[in-house]
J.: 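Input: one structure, supplied below.
Everything numeric in this text was worked out from a predicted model, so none of it was measured.
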Amino acid sequence: MIKTISVTDIPGFQIGQAENQEAATGVTVILAQDSAPAGMDIRGGGPASRETGLLDPIAACDAVNAVVLSGGSAYGLNCAGGVMRYLEERGIGFQTEYGCVPLVCASCIFDLGVGDPKVRPDEDMAYQACVNAPNFKEGNYGAGTGATVGKAAGSAFMMNSGIGSAAVQVGDLMVGAIVAVNALGDIYDPVTGRKLAGQLSKEGTLDASSEDTLIAMAEQLAPHANTTIGVILTNAQFDKTMLTKIAGMGHDGMARAIRPVHTMFDGDTLYALSGGHVPADVNVVGALAAKVTAQAIDHAALHTPPQYGLKCAADFIKEK
């Protein structure tokens, strides 16, 4: 029987966040208490990422020490340096005869269109996020601080989004997801099909469709910078090859909750990390990964307030 739990219940990880609310940008750090095997799958055409080559199944690296999700577009990749500094001070990392080298992967969303584009998450903010752990919150916190959705028709019709999470337990097995949702497309409840957030109509309603706009504009579509990034966490025991498969199956959940998704204007990226030794079937964990990823995306929309002059899902729920 599936039981709903908090993503912070999954052992082996600490989640820390820091943000600049005024500038609308932030960082979320997932710290592995011990080094964690990790896989990764990129489906969007414009990812901003660092050290993802470590997660190639044929690369020598078997485990990483942290994954960073941040705002700031490619500028935010500098956050990994602050996490490395935090880990090095504690002797955590790949051990060499010259000292430890922390292994930190990072991905960023493009949030420069909200708040102050000259203020980006940096090493100091990421270091503070590590110090703050555990302090995970959903909504406009961490990497979700300046996230938006529904941008196919341009920023005038977009809505506020954020970071969300979801997790389940089946027996001893735990699977959860943390997702910062900054999509070109719209957010839907995968169960009811109801649109939760995304492109607004000219009248300010949810009747518009980013998918229809994308198709109608054809070659006239102007590129927009978007990315949905996240991490799947489990206490199941897998190597990085199987975790790469789980990350790929997690994208099925992204496709259930976001339309359109995985466009060339998005940089959609999912990591999968193993923090335990519970025996489990990869197909079961992959199916659960898709389920919690979709739920986390919905939670990112539902737990985000109206900020920065943008409407949010809660505005329309209140109208019902």
J.: Ignoring hydrogens and geometry, is there a side-chain-to-backbone donor-acceptor pair from S201 to T205 under 3.5 Å?
T.: yes
J.: Tell me whether L206 is reachable from L310 by hopping between hydrophobic residues (I, L, V, M, F, W, Y) whose side-chain heavy atoms are closer than 4.5 Å.
T.: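 Different clusters.
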J.: Is there a donor-acceptor pair closer than 3.5 Å between any side-chain N or O of Q95 and the backbone N or O of G93?
T.: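 Yes; judged by distance alone, with no hydrogens or angles, the pair exists.
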J.: Looking only at non-hydrogen atoms, find the nearest pair between A183 and T228 and report the distance.
T.: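 So the minimum-distance heavy-atom pair works out to CB-OG1, 3.7 Å.
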J.: Counting N and O atoms only, with roles assigned by atom type, does the side chain of N132 sit under 3.5 Å from a partner on the main chain of Q17, one being a donor and the other an acceptor?
T.: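 The answer is yes, because a donor-acceptor pair under 3.5 Å joins these two groups.
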J.: Can a cation-pi geometry be assigned to R256 and Y188, taking NZ or CZ under 6.0 Å from the six-membered ring centre and within 45° of the ring axis?
T.: no
J.: Evaluate the side chain to side chain contact (heavy atoms under 4.5 Å, CB included) criterion for residues L69 and I30: first the C-alpha distance (whole Å), next the side-chain angles of each, then the deciding distance (0.1 Å), finally the verdict.
T.: CA-CA 8 Å; L69 309 177; I30 296 88; 4.3 Å; yes
J.: Before accepting this row, confirm whether a basic side-chain N of the pair D186/K195 lies closer than 4.0 Å to the acidic partner's carboxylate O.
T.: yes
J.: Using atom types as modelled and distance alone, determine if a side-chain donor or acceptor of D298 lies under 3.5 Å from a backbone N or O of Q295.
T.: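 No; zero donor-acceptor contacts below 3.5 Å.
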J.: Using only atom types and a distance under 3.5 Å, with no angle test, would you say the side chain of N65 pairs donor to acceptor with the backbone of V104?
T.: no
J.: Using a strict cut-off of less than 4.0 Å between a Lys/Arg side-chain nitrogen and an Asp/Glu carboxylate oxygen, indicate whether D41 and R43 qualify as a salt bridge.
T.: yes
J.: Under the side chain to side chain donor-acceptor pair (under 3.5 Å) criterion, do E22 and Y308 qualify, and how do the steps go?
T.: CA-CA 9 Å; E22 183 177 356; Y308 311 117; over 6 Å; no
J.: Check whether I258 and V149 end up in the same hydrophobic cluster, where Ile, Leu, Val, Met, Phe, Trp and Tyr are linked by side-chain heavy atoms less than 4.5 Å apart.
T.: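 I258 clusters together with V149.
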J.: Is it the case that atom CG in D34 sees more than 12 heavy atoms from other parts of the structure closer than 6.0 Å?
T.: no
J.: Can you name the closest pair of heavy atoms from F238 and P37 and give their distance?
T.: O-CB, 3.5 Å
J.: Would you check if I42 and D268 make a side-chain contact, meaning some heavy-atom pair closer than 4.5 Å?
T.: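 Side-chain contact under 4.5 Å: no.
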J.: Measuring from E211:CD to I215:CD1, what's the distance to the nearest 0.5 Å?
T.: 5.0 Å
J.: Looking at D315 and C312, would you say the former's side chain and the latter's main chain have a donor-acceptor pair under 3.5 Å?
T.: yes
J.: Give me the atom names and distance for the closest heavy-atom approach of Q14 to P134.
T.: OE1-CD, 3.2 Å
J.: Take V278 and T234, measure what side chain to side chain contact (heavy atoms under 4.5 Å, CB included) needs, and give me the verdict at the end.
T.: CA-CA 9 Å; V278 174; T234 181; over 6 Å; no
J.: Please tell me if the side chains of H262 and M254 come closer than 4.5 Å, counting only heavy atoms from C-beta onward.
T.: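 Yes; the side chains approach each other to less than 4.5 Å.
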J.: Are V68 and L103 connected, step by step, through hydrophobic side chains (Ile, Leu, Val, Met, Phe, Trp, Tyr) whose heavy atoms are closer than 4.5 Å?
T.: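 Looking at the clustering, L103 is in a separate group from V68.
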J.: As an exercise, state the distance from CG of L270 to NE2 of H251, rounded to the nearest 0.5 Å.
T.: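 The CG atom of L270 sits 4.0 Å away from the NE2 atom of H251.
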J.: Using atom types as modelled and distance alone, determine if a side-chain donor or acceptor of K311 lies under 3.5 Å from a backbone N or O of M158.
T.: no
J.: Taking side chain as C-beta onward, heavy atoms only, is F157 less than 4.5 Å from K202?
T.: yes
J.: Checking Q199 against K151 for the side chain to side chain contact (heavy atoms under 4.5 Å, CB included) test, could you report, in this order, the C-alpha distance in whole Å, the side-chain angles of both residues, the deciding distance, and whether it holds?
T.: CA-CA 6 Å; Q199 181 184 329; K151 289 165 277 188; over 6 Å; no
J.: For E88 and C100, which heavy atoms make the closest approach, and how far apart are they?
T.: CA-SG, 4.0 Å
J.: So how far is it from L184 CG to L214 CG, rounded to the nearest 0.5 Å?
T.: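 Reported to 0.5 Å precision, the distance equals 6.5 Å.
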J.: Calculate, to the nearest 0.5 Å, the distance between atoms CZ and CG belonging to F316 and L196 respectively.
T.: 11.5 Å
J.: Are the side chains of V179 and I229 in contact, using a 4.5 Å heavy-atom criterion?
T.: no
J.: Looking at side-chain heavy atoms only, is the closest gap between T145 and Q21 below 4.5 Å?
T.: yes
J.: Check whether any side-chain heavy atom of V175 sits under 4.5 Å from a side-chain heavy atom of L233, and report yes or no.
T.: no
J.: Is there a path of hydrophobic side-chain contacts, each under 4.5 Å between heavy atoms of I, L, V, M, F, W or Y residues, that connects V285 with I232?
T.: yes
J.: Going by distance alone, is a donor N or O of one side chain under 3.5 Å from an acceptor N or O of the other, for D111 and T25?
T.: yes
J.: Looking at every heavy atom in both V64 and C61, which two are closest together, and how far apart are they?
T.: CG1-SG, 4.2 Å
J.: C79 and V27: which non-hydrogen atoms are nearest, and at how many Å?
T.: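 Closest approach of C79 to V27, heavy atoms only: SG-CG2, 4.1 Å.
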J.: Does atom CG of D239 have more than 12 heavy-atom neighbours, drawn from other residues, nucleotides or ligands, at distances under 6.0 Å?
T.: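 Yes, the 6.0 Å shell around CG holds more than 12 heavy atoms from other groups.
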J.: Say whether T263 and D266, considering side chains only, have a donor N or O and an acceptor N or O under 3.5 Å apart.
T.: yes
J.: Is a side-chain N or O of T227 found less than 3.5 angstrom from the main chain of F110, in a donor-acceptor match?
T.: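 Side chain of T227 to backbone of F110, a donor-acceptor pair under 3.5 Å: no, none is there.
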J.: Quick one, T269 and S49 - any side-chain contact, counting heavy atoms below 4.5 Å?
T.: no
J.: Step through the shown structure and confirm whether more than 12 heavy atoms of other residues, nucleotides or ligands are within 6.0 Å of OH on Y75.
T.: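 It does not: Y75 OH has 12 such atoms or fewer within range.
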J.: Group every Ile, Leu, Val, Met, Phe, Trp and Tyr by side-chain heavy-atom contacts under 4.5 Å, then state whether I178 and V168 land in the same group.
T.: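 No, it is not one cluster - the side chains of I178 and V168 are not joined through contacts under 4.5 Å.
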J.: Rounded to the nearest 0.5 Å, how far apart are CG of L77 and SG of C105?
T.: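 Separation between the atoms: 11.0 Å.
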J.: When you measure from the side chain of N182 to the backbone N and O of T148, does any donor-acceptor pair fall under 3.5 Å?
T.: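 Checked: pair present.
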J.: Evaluate side chain to side chain contact (heavy atoms under 4.5 Å, CB included) for M159 paired with L200, printing each intermediate quantity in order.
T.: CA-CA 7 Å; M159 287 177 61; L200 295 169; 3.6 Å; yes
J.: Charged N to carboxylate O under 4.0 angstrom, D124 versus R85?
T.: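 Answer for the salt bridge query: yes.
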J.: With rounding to the nearest 0.5 Å, note down the distance linking CG in L87 to OG in S35.
T.: 11.0 Å
J.: I'd like to know if the side chain of Y271 reaches the main chain of A106, judged simply by a donor and an acceptor atom lying under 3.5 Å from each other, with no hydrogens or angles considered.
T.: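 Flag set: sc Y271 to bb A106 pair under 3.5 Å.
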J.: Between S73 and C108, is there a side-chain heavy-atom distance shorter than 4.5 Å?
T.: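 Sidechains of S73 and C108: no contact.
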